Amino acid sequence: MRRRDLLIIGGLAAGALSVPKIYAALQPEFTFEPMDRPAGFRQVPFGAISGGNTPIALIGIGDAQPETPADDLTGSAACDLLFGEVPSGRVPLALFNDYYCTYCPAVSRVVQRLEDSGAPIAVTLHELPLLGQRSVEKARLALAAAQQGAHGAVHRMLMETPVPPGVPGLNRVARALSLNPDQLRADLGSADVSAKLDITRALARLFAIPGTPAMVVGRTLLVGNVTQERLEKLIEIEQADAAWPANCGKTVSSFS
């Protein structure tokens, strides 16, 4: 093969490798749309979701528990329940997921990589089971594990590993993470776990979240599948903007 041909092939290969970078550079900036409620928040156009056909009013059906009205979650109460305590200099990120959601494992991995890399975020996990009773069962298992300080560990396990339903799955999780299986079983049906699910459902109704994955990053609702690069960009925008919702009350001071 002649040298000229090699140079042409090399040039084409280099061009092909540069296409993703050029494409990423040409991607439009986020288009922010103000939300009617909660006041002060905004959203970007939705991406691919699971559970999008589930009406907001029916979120969590099959796990019959009293619901917390969305109207009760206003002002600082909504922000405190959404984000919890946010360390100074961190962008709060509330992640809503379902363990049978198609895109949730990928988004969970993106958030985990950002946490592991030291990104300036404070992550709060919210279990939002939209895809039937099996989703509710896994959500309750994760929240029961939270009573033993293992919410994050169980979240990662359920996202990445097939876990059977019922007692066999509970025992497998307990063994893998050195949890007390008797306590886990007791907490599974506890009023505290039910209350946490009710709160997440109320937050989902408040933000009109149509499916999972979904997250609130700072003051921006982002619903659907998202790449790490795009999420990093949004975090950067939120950190630089710091125009947190006025209705977050005392929580605002911890964001600045």
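Keep in mind it's a predicted model, so treat the numbers as computed, not measured.
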Check your understanding: Does the side chain to side chain contact (heavy atoms under 4.5 Å, CB included) test come out yes or no for N171 and L184, once each step is laid out?
Key -> CA-CA 9 Å; N171 289 336; L184 197 59; over 6 Å; no
Check your understanding: So, R113 and D116, do they make that salt bridge, N to O below 4.0 Å?
Key -> no
**Study point:** Pairing of R42 and E238 as salt bridge, 4.0 angstrom limit
**Key:** yes
Could you tell me whether the side chain of [Y] reaches within less than 4.5 Å of the side chain of [X], counting heavy atoms only?
X	Y	answer
I235	I121	yes
L188	V193	no
F207	V223	no
M215	V226	yes
P129	L197	yes
E33	V44	no
P38	L206	yes

Revision key, fill the gap. Sorted by chain and residue number, the side-chain contact (heavy atoms from CB on, under 4.5 Å) partners of Q183 (sequence neighbours excluded) come out as Q147, Q148, N180, D187
Practice item. Go through the structure and list residues passing side-chain contact (heavy atoms from CB on, under 4.5 Å) with T200, not counting sequence neighbours. Key: F96, H126, L128
Do [X] and [Y] have side-chain N/O donor and acceptor atoms under 3.5 Å apart?
X	Y	answer
S194	R140	yes
N97	T212	no
Q43	T220	no

As an exercise, state the distance from [atom1] of [X] to [atom2] of [Y], rounded to the nearest 0.5 Å.
X	Y	atom1	atom2	result
R230	N225	CZ	CG	12.0 Å
L82	L203	CG	CG	5.5 Å
L114	R109	CG	CZ	13.5 Å
L158	C104	CG	SG	12.0 Å

Point to revise | Partner of Y99 under side-chain hydrogen bond (donor to acceptor under 3.5 Å, both in side chains), chosen from K138, E127, R134 | key: E127
Review point. More than 12 foreign heavy atoms under 6.0 Å from CG of D182: is that the case here?
Key: yes
